[in-house]
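Keep in mind that the numbers below use all heavy atoms, side chains included, and drop hydrogens, waters and symmetry copies. This chain uses plain numbering: 1 for the first residue, then up along the sequence. Being a predicted model, the structure only gives us computed values, none of them experimental.
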Amino acid sequence: TDDEIVNFYQDTQNQIYLIGRKAIYIFKENQLIQKVSVSDVRAITQDLNQQFWIGGLFDWVVTKNITDFSRKQKCAGISDIIIDENKAWISTFGSGIIIKENQHTDSINTNKGLVSNTIERLIQTPSYFWATTYGNGVSRIDKEGKIQNFNQRIGLLSDITYYVYQENEKNAWIASE
């Protein structure tokens, strides 16, 4: 595609969803099977009920059909969505991380120790959630909500962080500028 890809998702049927600035491109076995023309999407995932959670810069929706945006809701900008068991972890451009569990909503933000409220990417590893930022470093959040921040002051080469790969319980690799 000539579109700029900003994120991706792989479902349980091994379909790959490439999220571009102009559309969502769905691939199966390296073949494009569907293109959903929608702009400003940044994140897509599915929950245990096979509902799609689709978030973007200006709105988000939970839907059974990837092309149905009729019930979308306005938001301040979503950068990533991860479904972990029965919780949805939603990272945002300005409100930190929102955690939705059934009808209950909680948040993790700078007031609770997060390195920034503007999260570029949310990554889940076996032990932690990692929140990368464009200029403030990265936060590591354990399952109990304890936060540890990493930035240049403690040894990162840059506070502009892109991705985290956790090699094991003691080693994590942080991709930065």
Query raised in the report: Do V41 and I33 sit in the same hydrophobic cluster, where Ile, Leu, Val, Met, Phe, Trp and Tyr count as joined when their side-chain heavy atoms come under 4.5 Å apart?
Result: yes
**Report entry** Residues which pass side chain to side chain donor-acceptor pair (under 3.5 Å) with T132, listed by chain and number, not counting sequence neighbours
**Finding:** none
Query raised in the report: Can you name the residues that form a ring pair (Phe, Tyr, Trp, His ring centres under 6.0 Å) with Y17, not counting sequence neighbours?
Result: Y9, F52
Query raised in the report: Between T105 and K100, is there a donor-acceptor pair closer than 3.5 Å when you use the side chain of the first and the backbone of the second?
Result: no
Report task. Look at the side-chain heavy atoms of Ile, Leu, Val, Met, Phe, Trp and Tyr, link any pair under 4.5 Å apart, and say whether I97 and W53 land in one connected group. Result -> no
Query - D159 side-chain N/O to Y134 backbone N/O, donor-acceptor pair under 3.5 Å - result: no
Query raised in the report: Would you find a donor on one side and an acceptor on the other, under 3.5 Å apart, between the side chain of N149 and the backbone of G137?
Result: no
Query - Counterpart residues, side chain to side chain donor-acceptor pair (under 3.5 Å), relative to R140 (two or more places apart) - result: Q148
Requested in this report: Applying salt bridge (charged side-chain N to carboxylate O under 4.0 Å, His left out), name anything that partners E4, two or more places apart in sequence or on another chain.
Outcome: R21
**Report entry** Atom pair CD (E120) and CG (N136), whose distance is rounded to the nearest 0.5 Å
**Finding:** 10.0 Å
Query raised in the report: In terms of hydrophobic clustering (I, L, V, M, F, W, Y; side-chain heavy atoms under 4.5 Å; direct or indirect links), are Y25 and I19 co-clustered?
Result: no
**Report entry** Where I147 and G113 come nearest, the two heavy atoms and their spacing
**Finding:** CG2-O, 3.6 Å
Query raised in the report: Can you list the residues that meet the side chain to side chain donor-acceptor pair (under 3.5 Å) rule with S39, with sequence neighbours excluded?
Result: none
Query - CG-NZ distance between D40 and K22, expressed to the nearest 0.5 angstrom - result: 12.5 Å
Requested in this report: Using side-chain contact (heavy atoms from CB on, under 4.5 Å) as the criterion, list what pairs up with I16, not counting sequence neighbours.
Outcome: Q10, L18, F27
Query raised in the report: Quick one: are Q34 and V36 in side-chain contact, heavy atoms under 4.5 Å?
Result: yes
Check: residues 68-86 side-chain donor-acceptor pairs under 3.5 Å, at least two apart:
{"residue": "D68", "atom": "OD1", "partner": "S70", "partner atom": "N", "Å": "3.0"}
{"residue": "D68", "atom": "OD1", "partner": "S70", "partner atom": "OG", "Å": "2.6"}
{"residue": "R71", "atom": "NH2", "partner": "V62", "partner atom": "O", "Å": "2.8"}
{"residue": "S79", "atom": "OG", "partner": "S91", "partner atom": "O", "Å": "3.3"}
{"residue": "S79", "atom": "OG", "partner": "S91", "partner atom": "OG", "Å": "2.7"}
{"residue": "S79", "atom": "OG", "partner": "I119", "partner atom": "O", "Å": "2.7"}
{"residue": "D80", "atom": "OD1", "partner": "N7", "partner atom": "ND2", "Å": "2.8"}
{"residue": "D80", "atom": "OD2", "partner": "L122", "partner atom": "N", "Å": "2.9"}
{"residue": "D84", "atom": "OD1", "partner": "Q124", "partner atom": "NE2", "Å": "2.9"}
{"residue": "D84", "atom": "OD2", "partner": "K143", "partner atom": "NZ", "Å": "3.4"}
{"residue": "N86", "atom": "ND2", "partner": "E101", "partner atom": "OE2", "Å": "3.1"}

Query raised in the report: Hey, does the side chain of E144 reach the backbone of K146 with a donor-acceptor pair shorter than 3.5 angstrom?
Result: no
Report task. Take I66 and I44, measure what side-chain contact (heavy atoms from CB on, under 4.5 Å) needs, and give me the verdict at the end. Result -> CA-CA 9 Å; I66 195 165; I44 184 171; 3.4 Å; yes
**Report entry** Working for salt bridge (Lys or Arg N to Asp or Glu O under 4.0 Å), residues D106 and K112
**Finding:** CA-CA 11 Å; D106 197 6; K112 294 183 180 178; 3.2 Å; yes
Requested in this report: Please tell me if the side chains of I108 and I99 come closer than 4.5 Å, counting only heavy atoms from C-beta onward.
Outcome: yes
Query raised in the report: Taking only residues at least two apart or on different chains, which pairs with a member in residues 74-110 satisfy ring-ring contact (aromatic ring centres under 6.0 Å, His included)?
Result: W89-F129
Requested in this report: Show your reasoning for whether side-chain hydrogen bond (donor to acceptor under 3.5 Å, both in side chains) applies to N65 and T63.
Outcome: CA-CA 5 Å; N65 185 338; T63 181; over 6 Å; no
Query raised in the report: Going by heavy atoms in the side chains, are T118 and T133 under 4.5 Å from each other?
Result: no
Report summary line: So ring-ring contact (aromatic ring centres under 6.0 Å, His included) across residues 153-177, not counting sequence neighbours, yields none
Report task. Please tell me if the side chains of K35 and I26 come closer than 4.5 Å, counting only heavy atoms from C-beta onward. Result -> no
Report task. Evaluate whether atom CG of L157 has more than 12 neighbouring non-hydrogen atoms of other residues, nucleotides or ligands under 6.0 angstrom away. Result -> no
Query raised in the report: Residues two or more places apart in sequence or in another chain: which of them pass side-chain contact (heavy atoms from CB on, under 4.5 Å) with N49?
Result: D47, Q51, K64
**Report entry** Under the side chain to side chain donor-acceptor pair (under 3.5 Å) test, residues paired with N117 that sit two or more places apart
**Finding:** T110
Report task. Evaluate the side-chain proximity of V138 to V164: yes if any heavy-atom separation is below 4.5 Å, no if none is. Result -> yes
Requested in this report: Please list all pairs passing the salt bridge (Lys or Arg N to Asp or Glu O under 4.0 Å) test where one or both residues lie in residues 162-176, with sequence neighbours left out.
Outcome: none
Query raised in the report: Have E177 and S158 got a donor and an acceptor in their side chains that come within less than 3.5 Å?
Result: no
Query - Donor + acceptor pair across side chains of T125, W130 (<3.5 Å) - result: yes
Report task. For the residue pair I24 and V38, establish whether any side-chain heavy-atom pair is separated by less than 4.5 Å. Result -> yes
Report task. Determine, using the 4.5 Å side-chain heavy-atom cutoff (strictly less than), whether V115 and I141 are members of one ILVMFWY cluster. Result -> no
